[in-house]
Amino acid sequence: MTRIRVALVDDQALFRAGVRMLIESQPDLEFAGEAGDGMQAVALVERARPDVVLMDVRMPLLDGIQATERILAEADRAGRTPPRVLVLTTFDLDENAARAIRAGASGFVLKDADPGFLLAAIRTVHQGNAVIAATATRELFAHVGRGSGRRPAPAAWSELTAREREIFALAAKGLSNSEIAASEFLSEATVKTHVSRILAKLGLRDRVQLVVFAYEHELPG
């Protein structure tokens, strides 16, 4: 069995110790290392090449948002698959969580979440899915008041077919693949294929980024 390599970035040593013990207790997970600030995080990812990074947003030297941007940018420059970044935050509707999602994170988890939820979140983002629901993402962006100044749709939007735009609008509203399939009288496999093509055409990694894309541009959803 290939284990999921997980790195942890947080400036609280006691919290890191607890999460490390939790990860090491799982047969399908491997602890890939830890860092206490954003600068160390960038070096850790370069060295250890984890599959998933648990990233605190508030840290000295370089915060989790800046660290996420650097990690993903360096992976892109090197032509390698970037790790999935799962943001750790202390409260819901956190503006920093919204900024981290814009920077490329695949979701966020509260630091006081149940250990079982954190483990499930790690496995979920590793599979290429988002941890937080699209509806929660929209609520988060609305709460932090970043809806002003929306930009026109980029050229890539014109590459989507009429059907893909329909699927895009439903996905941006938070509907799951099964819900979209039921409403559009399609198979779930067909919807999954459409969503994958939409993400590829728009250069997005997951459904959370799809919601951000819809929210920040003049698009339905």
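Numbers here are sequence positions counted from 1. Atoms considered below: every heavy atom in the structure, side chains included; atoms not considered: hydrogens, waters and symmetry mates.
- Residues Leu72 and Pro82 are in side-chain contact: their nearest non-hydrogen atoms beyond the backbone lie under 4.5 Å apart.
- By the side chain to side chain donor-acceptor pair (under 3.5 Å) test, Ser196 pairs with no residue at all, sequence neighbours left out.
- Every residue was checked against the salt bridge (Lys or Arg N to Asp or Glu O under 4.0 Å) condition with Glu179, not counting sequence neighbours, and none meets it.
- Within the 4.5 Å cutoff, the side chain of Leu54 has no heavy atoms near those of the Val9 side chain.
- For residues 30-44, the salt bridge (Lys or Arg N to Asp or Glu O under 4.0 Å) pairs, not counting sequence neighbours, are Arg3-Glu30, Arg5-Glu30, Arg16-Glu34, Arg20-Glu34.
- The line from CD1 of Ile198 to CD of Glu166 is 10.0 Å long, rounded to the nearest 0.5 Å.
- Under the rule for a salt bridge (Lys or Arg N to Asp or Glu O under 4.0 Å), the partners of Glu184 that lie at least two apart in sequence or sit in another chain are Arg163.
- Hydrophobic clustering of Ile, Leu, Val, Met, Phe, Trp and Tyr side chains at less than 4.5 Å, counting indirect connections, unites Phe117 with Leu86.
- Not counting sequence neighbours, the partners of Ser178 by the side chain to side chain donor-acceptor pair (under 3.5 Å) test are Ser176.
- For Arg49, the salt bridge (Lys or Arg N to Asp or Glu O under 4.0 Å) partners are Glu46, not counting sequence neighbours.
- Listed by chain and number, the residues in a side chain to side chain donor-acceptor pair (under 3.5 Å) with Thr193 amount to none (sequence neighbours excluded).
- With 3.5 Å as the limit, one finds no donor-acceptor pair spanning the side chains of Gln127 and Arg84.
- For Lys201, the salt bridge (Lys or Arg N to Asp or Glu O under 4.0 Å) partners at least two apart in sequence or on another chain are Glu164.
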Self-check item: side chain to side chain contact (heavy atoms under 4.5 Å, CB included) between Arg102 and Ile65, worked out
Solution: CA-CA 9 Å; Arg102 279 195 184 87; Ile65 298 135; over 6 Å; no
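- For Leu62, the side-chain contact (heavy atoms from CB on, under 4.5 Å) test picks out Met39, Val42, Gln66, Ala67, Arg70, with sequence neighbours left out.
- Listed by chain and number, the residues in a side chain to side chain donor-acceptor pair (under 3.5 Å) with Arg47 amount to none (sequence neighbours excluded).
- Applying the side-chain contact (heavy atoms from CB on, under 4.5 Å) rule to Gln12 yields the partners Asp10, Phe15, Lys111; only residues at least two apart in sequence or on another chain are considered.
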